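Before any comments, here is the structure.
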Amino acid sequence: MRILITAGPTREYVDDVRFLSNASSGRMGYALAEAAIAAGHEVILVTGPVDLDVPDGAKVSAIETTDELRMSCLELFPSCDGIIATAAVCDYRPRERVHGKMTKTGQPIVLELVETSDVLAELGAQKGHRWVVGFALESQDPRNNAMRKLRMKQCDCIVLNDTSAISSLENRVEILSPDAETQAEFTGLKTDVAAQLITFIEQRIAR
Ligand code: CTP
Ligand code: CA
């Protein structure tokens, strides 16, 4: 298969030198890319800024903002068999990006934020025969929130993990199907979880 994988954080710039982002290490997405290549698949990795080596054999599209992630995915998804979306996408961006560098005013300032576009929802809506695997990081009411996302983004399954995974080497995931069944649970190093997830996709998701 030819698999699109999104990984790492996005950044939303306040001015030319400052941005909003999150603590995503990118490890889960990079581990999945490596596992998919080891299993004989072609991988295109759309990656935010992370401190990791690109897996040998992966094609890479480096992005920073959610808009760049969106443009890259819209271009690449049609030529792929499916997508695994591990990217920790910023949900909000400053309404205005200040050109140059903001200077202090001596007063409190208010940063107005607007929602970014939901990349996975947009890809899910145009998936056709392609498969879509989403990730959901939840701190409360995990199953219900993950299922709401699965439906909203038209995922074939969603990988639920808890917030302790965000900058860790390990992960514990539960895979939920569109009929809200737990299809599998994997625990261990992200590299081991990744290999099991690729096998699961080969056997249960890819049609
Ligand atoms: N995602 C995306 N574009 C966004 C936000 C999320 O493509 N703007 C993708 C993520 O890569 C992940 C899935 O959607 O695969 C779920 O992300 P998550 O942050 O858990 O869900 P949200 O829909 O953003 O909801 P919230 O953060 O409010 O819980
Ligand atoms: Ca989010």
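Since this is a predicted model, take the numbers as computed values, not measurements. Keep in mind that the numbers below use all heavy atoms, side chains included, and drop hydrogens, waters and symmetry copies. One-based numbering, in listed order, for ligands and for the atoms of each.
Salt-bridge formation is not detected for the pair R143/E138: no Lys NZ or Arg NE/NH1/NH2 atom is positioned less than 4.0 Å from an Asp or Glu carboxylate oxygen. Ion pair E12/R93 not flagged as a salt bridge, since none of the NZ, NE, NH1 or NH2 atoms sits closer than 4.0 Å to an Asp/Glu carboxylate oxygen. Residues D156 and K127 are paired through a salt bridge, judged by an N-O separation under 4.0 Å between the basic side chain and the carboxylate.
There is no protein heavy atom closer than 4.0 angstrom to atom 19 (O) of ligand 1.
Of all the atoms in ligand 1, the ones that sit under 4.0 Å from a non-hydrogen atom of D91 are 5 (C), 24 (O), 27 (O). Distances below 4.0 Å separate heavy atoms of A87 from the following atoms of ligand 1: 10 (C), 11 (O). Those atoms of ligand 1 that come under 4.0 Å of a heavy atom in S117, given as number and element, are 3 (N), 4 (C), 8 (N). Which parts of ligand 1 touch T116 is read off a 4.0 Å heavy-atom cut-off, strictly below it: atoms 8 (N). Listed by number with element, the atoms of ligand 1 under 4.0 angstrom from any heavy atom of L137 are 20 (O). Per-residue contacts place A136 under 4.0 angstrom from the following atoms of ligand 1 (heavy atoms of the residue considered): 20 (O).
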### Message
S177 vs D179, test: side chain to side chain donor-acceptor pair (under 3.5 Å). Steps then yes/no.
### Response
CA-CA 5 Å; S177 68; D179 51 12; 2.3 Å; yes
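Closest protein heavy atom to atom 16 (C) of ligand 1: F135 O, 2.9 Å. Protein heavy atom in closest approach to atom 15 (O) of ligand 1: A85 O, 2.7 Å. In this structure, atom 23 (O) of ligand 1 lies nearest to the protein heavy atom K153 NZ, 2.7 Å. V89 CB, 3.7 Å is the protein heavy atom nearest to atom 5 (C) of ligand 1. For atom 7 (O) of ligand 1, the nearest protein heavy atom (residue, atom name, distance) is L120 N, 2.8 Å.
Of all heavy-atom pairs spanning G29 and L45, the tightest one is O-CD1, 4.3 Å. The shortest heavy-atom contact between H99 and D16 is C-OD2, 4.0 Å.
Within the 4.0 Å heavy-atom cutoff, C73 does not count among the residues contacting ligand 1. For the ligand labelled ligand 1, residue T6 lies outside the 4.0 Å heavy-atom shell.
Nearest residue to atom 25 (O) of ligand 1 from K149, M152, E122 is K149 (criterion: closest heavy atom).
Polar contact check, T86 against ligand 1: no nitrogen or oxygen pair lies under 3.5 Å apart. The shortest N or O to N or O distance between V119 and ligand 1 is below 3.5 Å. Backbone and side-chain nitrogen or oxygen atoms of A88 are examined, and none is located within less than 3.5 angstrom of a nitrogen or oxygen of ligand 1.
Using a 4.5 Å heavy-atom threshold, the side chains of F77 and V132 count as touching. When side chains are defined from C-beta on, L4 counts as touching I44, because their heavy atoms get closer than 4.5 Å. Side-chain contact between Q126 and L74 is present, with at least one heavy-atom pair separated by less than 4.5 Å.
Cluster membership for F200 and V43, using ILVMFWY side-chain heavy atoms within less than 4.5 angstrom, is shared.
Partner of Y13 under the side chain to side chain donor-acceptor pair (under 3.5 Å) criterion, chosen from R18, E64, R97: E64.
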